[in-house]
Amino acid sequence: MSKILIKSGTLITASETFTADILIEGEKINMIGESISDDDAAMIDAKGKLIIPGGIDPHTHFDLPMFNTVTSDDHYTGHKAAAFGGTTTALDFVPYELSGFRKSVDLWHDRADSKACIDFSFHMNVTHFDHGVAKKLPQLIDMGITSLKVFTAYNERLRLQDGEIYQVLRIAKEHGFLTMVHAENGDIIEVLVNEALSAGNNSPIWHALTRPAWGAVESTLRACSWAAQTGAPVYIVHMNTAGEVDQLQYMRERGVPVMGETCPAYLFFTEDHLRRPDGAKWICSPPMRSVKDNQRLWDGLSQGIIQTLATDHCSFFFEGTKPILYENKQIAIPGKELGANDFTKIPNGLPGVGDRLPIMWTYGVRAGRLTPNQFVALTCTNPAKIFGLYPIKGTLAPGSDADIVIWDPEKKIKYGVAKAHHRTDYNLFENWELVGYPEKVFLRGNLIVDGDQWLGKPGMGKFIHRSPHALVI
Ligand code: URP
Ligand code: ZN
Ligand code: ZN
């Protein structure tokens, strides 16, 4: 079995920072300690470098058909971009097909398995509910899928009614699923969107103006109250408003099993970005909010009210009629221009899977908003615990998968679309100055990123079959 010895790096886990050597044997971390020697091992000198566990992004949408197009990153290009940004595991959402759970999941395996180049797992969208669905939900456990997503918005498309979500949660409690909730008020959005369109208000800012923050706040409160009533854990996805943080804090202080995630975009941008001529670049659901919301979300992260930092990576081109060069091929995929005259037709979603760690290191850790250990907890260890991957993933420990990032804390980069590896034509963090960047990335002991060099291969990422009853933290 091949061996690699990483010498003298500064290891950062969710709870500790210390200098040590790491011996990798095959796909696993074999030993961590001082002055390890092994004549058979290839040696890497990591003095002056940081060593962190490979990032886990619990929220991505690769190769997802929507808005009369498809997200521009598939399970190869998205995974490659993730790896360059230090992420070695991604959890993607399976859309529900009326043909049933097994067919839906098979379809997603068909799209993902041969392309995957980091490890991956699936959540299941539960967007239809009846007696048959209730009976068949537990089948997902056999498929290794132990987390569900439900929506209180997207009327007539993805939304379930409150009573239906309540029933999903009772099943989740019985079988050990974690239920993820997209919290917005679908009815109010429907009224406001219809009014905006009738009044001829078509520009991107109306996307934010028709999806009020209060809808997210009260839907979060409702979802948390269902967790309290059923005893089933709930995880609020893409938290974007101060009020959601307040609700989560209130419920957690009362022992209700609720957790939450936010994404970098909600920490740095506001609805004013949607007023720009290129405002469509920032359109996603839920929308960007205000500076006060940004601040409360940062507090939520640093105070442990919010448990994870995901991306909700759901990339589209800004100008999908103009090709970009991707791996020596001209690629153009219809994108945000589809809604040039109508904000409701702008594909919702942002690129971000590769941005997450580099951006959060410079503007979270170096800016003094998060400690290095909180950074690892939020981007890696907590997602692993919450989604049943820990301790195989999510930490640096003997026996864990050797998913390892050697991080150069001094590397200076001007970031942007040319540096990120997403298959799209823009990046939200264009020209942002970064200090600190991944240097080498290992997936189960395989070096897949070495500086600017891509060594990953489609198909090398493994599907992770997860077990139910994961931790509530
Ligand atoms: O705009 C976004 N985020 N699209 C993805 C779908 C979702 O609700 O996460
Ligand atoms: Zn959502
Ligand atoms: Zn999403």
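Here the structure is a predicted model, which means the values were calculated and not measured. One-based numbering along the sequence shown.
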Which residues share a ring-ring contact (aromatic ring centres under 6.0 Å, His included) with [X], sequence neighbours left out:
{"X": "H422", "value": "H313"}
{"X": "H207", "value": "none"}
{"X": "Y154", "value": "F151, H182"}
{"X": "F442", "value": "none"}

For this session: Apply the test side chain to side chain donor-acceptor pair (under 3.5 Å) to residues D355 and T311: give CA-CA distance (whole Å), side-chain angles for both, the deciding distance (0.1 Å), then the verdict.
Result: CA-CA 9 Å; D355 308 333; T311 61; over 6 Å; no
So, [X] versus [Y], ring centres under 6.0 angstrom or not?
{"X": "F429", "Y": "F269", "value": "yes"}
{"X": "F62", "Y": "W108", "value": "no"}
{"X": "Y363", "Y": "W432", "value": "yes"}
{"X": "F101", "Y": "Y96", "value": "yes"}

For [X] against [Y], the heavy-atom pair lying closest together:
{"X": "L443", "Y": "C117", "value": "CD2-O, 3.5 Å"}
{"X": "V405", "Y": "P438", "value": "CG1-CB, 3.9 Å"}
{"X": "V94", "Y": "S104", "value": "CG1-O, 3.4 Å"}
{"X": "I24", "Y": "G26", "value": "CG2-O, 3.5 Å"}
{"X": "I32", "Y": "L11", "value": "CG2-CD2, 3.7 Å"}
{"X": "G354", "Y": "P358", "value": "O-CD, 3.5 Å"}

In Å and rounded to the nearest 0.5 Å, what is the [atom1] to [atom2] distance from [X] to [Y]?
{"X": "Q303", "Y": "Q374", "atom1": "CD", "atom2": "CD", "answer": "10.0 Å"}
{"X": "C380", "Y": "I12", "atom1": "SG", "atom2": "CD1", "answer": "11.5 Å"}
{"X": "E261", "Y": "H59", "atom1": "CD", "atom2": "NE2", "answer": "5.5 Å"}
{"X": "K385", "Y": "T308", "atom1": "NZ", "atom2": "OG1", "answer": "13.5 Å"}
{"X": "M259", "Y": "M180", "atom1": "CE", "atom2": "CE", "answer": "9.5 Å"}
{"X": "D401", "Y": "I392", "atom1": "CG", "atom2": "CD1", "answer": "6.0 Å"}

For this session: Evaluate the criterion salt bridge (Lys or Arg N to Asp or Glu O under 4.0 Å) for residue pair R423 and E327; output intermediate values, then yes/no.
Result: CA-CA 10 Å; R423 189 168 64 177; E327 293 194 345; over 6 Å; no
Any side-chain donor paired with an acceptor under 3.5 Å for [X] and [Y]?
{"X": "T220", "Y": "E244", "answer": "yes"}
{"X": "Y415", "Y": "T362", "answer": "no"}
{"X": "R356", "Y": "T87", "answer": "yes"}
{"X": "S285", "Y": "N348", "answer": "yes"}

Is there a donor-acceptor pair closer than 3.5 Å between any side-chain N or O of [X] and the backbone N or O of [Y]?
{"X": "H79", "Y": "T89", "value": "no"}
{"X": "N373", "Y": "T13", "value": "yes"}
{"X": "T262", "Y": "M239", "value": "yes"}
{"X": "Q307", "Y": "G260", "value": "yes"}
{"X": "E184", "Y": "S219", "value": "no"}
{"X": "T88", "Y": "I118", "value": "no"}

Problem set entry | Working for side chain to side chain donor-acceptor pair (under 3.5 Å), residues D130 and H128 | CA-CA 7 Å; D130 57 23; H128 176 78; 3.0 Å; yes
Output yes when [X] and [Y] qualify as a salt bridge under the 4.0 Å nitrogen-oxygen rule, no when they do not.
{"X": "K336", "Y": "E319", "answer": "no"}
{"X": "D45", "Y": "K7", "answer": "no"}
{"X": "D425", "Y": "K281", "answer": "no"}
{"X": "D74", "Y": "R111", "answer": "no"}
{"X": "R444", "Y": "D403", "answer": "no"}

Exercise. Are there more than 12 heavy atoms of other residues, nucleotides or ligands under 6.0 Å from atom CG of D452?
Worked result: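 12 or below, so no.
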Exercise. Crowded around E156 CD? As in, over 12 foreign heavy atoms under 6.0 Å?
Worked result: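 Counting neighbours around CD of E156, 12 or fewer heavy atoms of other residues, nucleotides or ligands fall under 6.0 Å, so no.
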Distance-only check: which donor-acceptor pairs under 3.5 Å involve side-chain atoms of residues 458-471, not counting sequence neighbours?
residue	atom	partner	partner atom	Å
K462	NZ	E27	OE1	3.4
H465	NE2	D142	O	3.0
H465	NE2	G144	N	3.3
R466	NE	S121	OG	2.9
R466	NH1	T146	OG1	3.1
R466	NH1	S147	OG	3.3
R466	NH1	F387	O	3.1
R466	NH2	F122	O	2.7
R466	NH2	S147	OG	2.8

Exercise. Of all residues at least two apart in sequence or in a different chain, which pass the salt bridge (charged side-chain N to carboxylate O under 4.0 Å, His left out) check with D113?
Worked result: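 Result, salt bridge (charged side-chain N to carboxylate O under 4.0 Å, His left out) vs D113: none returned.
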For this session: Run the numbers on D92 and T60 for side chain to side chain donor-acceptor pair (under 3.5 Å), then give the verdict.
Result: CA-CA 5 Å; D92 207 73; T60 65; 2.7 Å; yes
Exercise. Side chains of T379 and L357: does their closest heavy-atom pair fall under 4.5 Å?
Worked result: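 Sidechains of L357 and T379: in contact.
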Exercise. Are any of the side-chain heavy atoms of V237 and V181 separated by less than 4.5 Å?
Worked result: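 In short, these two side chains do not touch, never coming nearer than 4.5 Å.
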For [X], what residues pass the side-chain hydrogen bond (donor to acceptor under 3.5 Å, both in side chains) criterion, not counting sequence neighbours?
{"X": "K149", "result": "none"}
{"X": "E164", "result": "none"}
{"X": "D106", "result": "none"}
{"X": "S72", "result": "S315"}

Exercise. Any cation-pi pair here, K411 with Y437, using under 6.0 Å and within 45°?
Worked result: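 Judged by the rule (NZ or CZ under 6.0 Å from the ring centre, within 45° of its axis), K411 is not positioned above Y437.
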Side-chain donor/acceptor pairs under 3.5 Å, residues 165-176, sequence neighbours excluded:
residue	atom	partner	partner atom	Å
Q167	NE2	G163	O	3.4

For this session: Return each pair, listed once, that meets salt bridge (charged side-chain N to carboxylate O under 4.0 Å, His left out) where at least one residue sits in residues 302-314; pairs must be two or more places apart or across chains.
Result: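 Listed once each, the pairs would be none.
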